[in-house]
Amino acid sequence: MTHPLALRLGCRRRRLHPIVQTAAYVFSSLIGATAQAALVESQAIDCSFSNGAGRPWAEVTPLTSTTPVGSVLWQRPVALITNYRYGGSTGNKAHELVSAGYWTAGTPLPDAIAPTNIDGIGFKIAVNSSDGVLRNITQVSKPVALEKNLVIYDPSAGQNQRSLMVTNYLQSLILTVPPSQLPSGELVIDRVTGSSGLMLYAVDLLKDVASLGGQVDIPSDNMPIGICRKPYPLMGPAIINMGGGPGPSIPNKCVVESYRTIPVKLGRFSLADFPKVGSTSSPVPFRIALSQCALNARPQIAFTDKVPGHTDPSVLNLTASPNSAKGFGIIMINDLNQQRIKYDGTLYDMHRVGDSAIIPLRAGYIRTGSDAEVKVGDADGAAEFTFTFP
């Protein structure tokens, strides 16, 4: 995960144009529909489930030292598909195929949040129902109707045609303890723990017997043969991997101040201050800092030159203009290891201090050209730096 910002170094003030990266996570529903021509009432039989339509996990709230308990950390939509066949005409008796579900008895699930293999990070699952309501699946005594579709078919296409219903689930990972209480090491969510399971159903019922959000009685009869009374029990890793796995690895992060450019004034110098190639000016110290770092955050930083055409990856090129200097560049020293920073994407560890992370730096000019190549003028440079949270 990278967060680009801008760094400007030089001897004169200029208008700053920070580089900003934003990400918006939109969880849209996947809507299944059955083509309808001449409407013939039917029943759903031979139900089966497939769940290969899960989208990738996406970060919603970064995990830092101040992330509030109850925050949704990561989330993804999963479209669970119920495949079925039509069971012939039922005359004027309309049927619906109903998706229903609940958490079974066992480990108590406060606020419908199940524990995971990472203490302090819980799992919640909800359904974006077709009536526009997002319904959490809760731990109750009977399954609750989450979605339903009329079972009708076009007789001209034959009774044995197949159809499907899509139920749009939303999986969420919830912070349930203060960040300081999370375990150390990598936070990889791979299963729901405890003795409570997720029980889902596809059940054929007479129209309007089930109402969305209401409890459902699962009939015990099997007429016609194969009528949908299909349970879909999930436990442990299967709950996380519903829609495809694996679960996400949650990075420990720091607060990154977006829309920010750091100016560093390197001073004014004459050619006499640089008697030969490799001569440098007095360095100007500064530092780049992050705040509110999670306990296990180990941020790294990388730099890239905004002006292309490197001959030496450790020398920042000057910004070209009619009045720009020639035969000079800018160097930065990493005071954590006393080495020159390279502007080629090399990663550098930042130093943790409390809930902050810093990298102390020094910047200055360096002469790169011969006597015939140097020219006085404006000497500005710009680097982009990005943070990575491994």
Side-chain angles (χ1 to χ4, degrees), residues 2-19 256-257 260-290 298-353 356-388:
T2 61
H3 298 265
L5 292 91
L7 171 70
R8 286 197 177 275
L9 307 101
C11 62
R12 64 187 180 96
R13 297 180 66 185
R14 305 187 63 173
R15 187 174 181 182
L16 306 179
H17 300 277
I19 293 178
V256 177
E257 296 182 36
R260 179 181 177 187
T261 299
I262 300 177
V264 182
K265 297 180 180 180
L266 301 182
R268 299 176 63 87
F269 300 92
S270 68
L271 287 178
D273 296 313
F274 302 90
K276 60 181 180 179
V277 173
S279 296
T280 58
S281 63
S282 298
V284 175
F286 68 102
R287 71 179 191 170
I288 298 172
L290 299 174
R298 297 292 181 266
Q300 295 177 309
I301 188 170
F303 298 84
T304 54
D305 195 343
K306 297 299 294 177
V307 180
H310 275 288
T311 55
D312 183 340
S314 68
V315 177
L316 189 72
N317 293 323
L318 298 184
T319 303
S321 75
N323 299 319
S324 62
K326 305 293 184 183
F328 292 90
I330 297 172
I331 58 173
M332 288 196 301
I333 305 297
N334 179 357
D335 274 340
L336 295 177
N337 60 15
Q338 305 305 313
Q339 300 295 313
R340 279 192 194 178
I341 292 291
K342 292 183 178 180
Y343 306 99
D344 59 0
T346 298
L347 289 171
Y348 298 95
D349 293 331
M350 300 184 72
H351 178 57
R352 285 297 305 269
V353 180
S356 299
I358 64 169
I359 182 168
L361 300 161
R362 288 175 288 131
Y365 292 116
I366 184 171
R367 177 173 167 176
T368 59
S370 64
D371 289 345
E373 294 171 325
V374 296
K375 171 191 170 185
V376 297
D378 298 331
D380 296 338
E384 180 181 82
F385 56 96
T386 60
F387 300 107
T388 300

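Quick note: numbers below take in every heavy atom, side chains included, and nothing from hydrogens, waters or symmetry partners.
For the salt bridge (charged side-chain N to carboxylate O under 4.0 Å, His left out) test, no residue two or more places apart in sequence or in another chain qualifies with Arg352.
Distance alone, capped at 3.5 Å, places no donor-acceptor pair between the Arg287 side chain and the Ile358 backbone. With Asp305 contributing its side chain and Asn317 its backbone, the two residues share a donor-acceptor pair below 3.5 Å. Not a single donor-acceptor pair under 3.5 Å links the side chain of Ser279 to the backbone N or O of Arg367.
Atoms CZ and CG, from Arg268 and Asp273 in turn, are 12.0 Å apart once rounded to the nearest 0.5 Å. Interatomic distance, Glu373 CD to Asp371 CG, rounded to the nearest 0.5 Å: 9.5 Å. Here the CG atom belonging to Leu318 is positioned 8.5 Å from the NZ atom belonging to Lys326, to the nearest 0.5 angstrom.
Taking both residues in full, the closest heavy atoms of Ser321 and Ser324 are given as O-OG, 2.9 Å, listed atom of the first, atom of the second, then distance. Smallest separation of non-hydrogen atoms from Pro299 and Ala357: CG-CB, 3.5 Å. Of all non-hydrogen atoms in Met350 and Ile288, the two that sit nearest each other are CE-O, 3.5 Å.
The aromatic rings of Phe303 and Tyr343 sit perpendicular to each other, their planes meeting at more than 60°, with 30° as the lower class boundary.
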Please report, to 0.1 Å, the donor-acceptor pairs under 3.5 Å made by any side chain of residues 327-342, with sequence neighbours excluded.
{"from": "Asn334", "atom 1": "OD1", "to": "Leu336", "atom 2": "N", "distance (Å)": "2.9"}
{"from": "Asp335", "atom 1": "OD1", "to": "Arg362", "atom 2": "NE", "distance (Å)": "2.7"}
{"from": "Asp335", "atom 1": "OD1", "to": "Arg362", "atom 2": "NH2", "distance (Å)": "3.0"}
{"from": "Asp335", "atom 1": "OD2", "to": "Arg362", "atom 2": "NE", "distance (Å)": "3.4"}
{"from": "Asn337", "atom 1": "OD1", "to": "Gln339", "atom 2": "N", "distance (Å)": "2.9"}
{"from": "Gln338", "atom 1": "OE1", "to": "Arg362", "atom 2": "NH2", "distance (Å)": "3.0"}
{"from": "Gln338", "atom 1": "NE2", "to": "Asp335", "atom 2": "O", "distance (Å)": "2.9"}
{"from": "Arg340", "atom 1": "NH1", "to": "Ser314", "atom 2": "OG", "distance (Å)": "3.2"}

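A heavy-atom distance below 4.5 Å is found between the side chains of Phe385 and Ile262.
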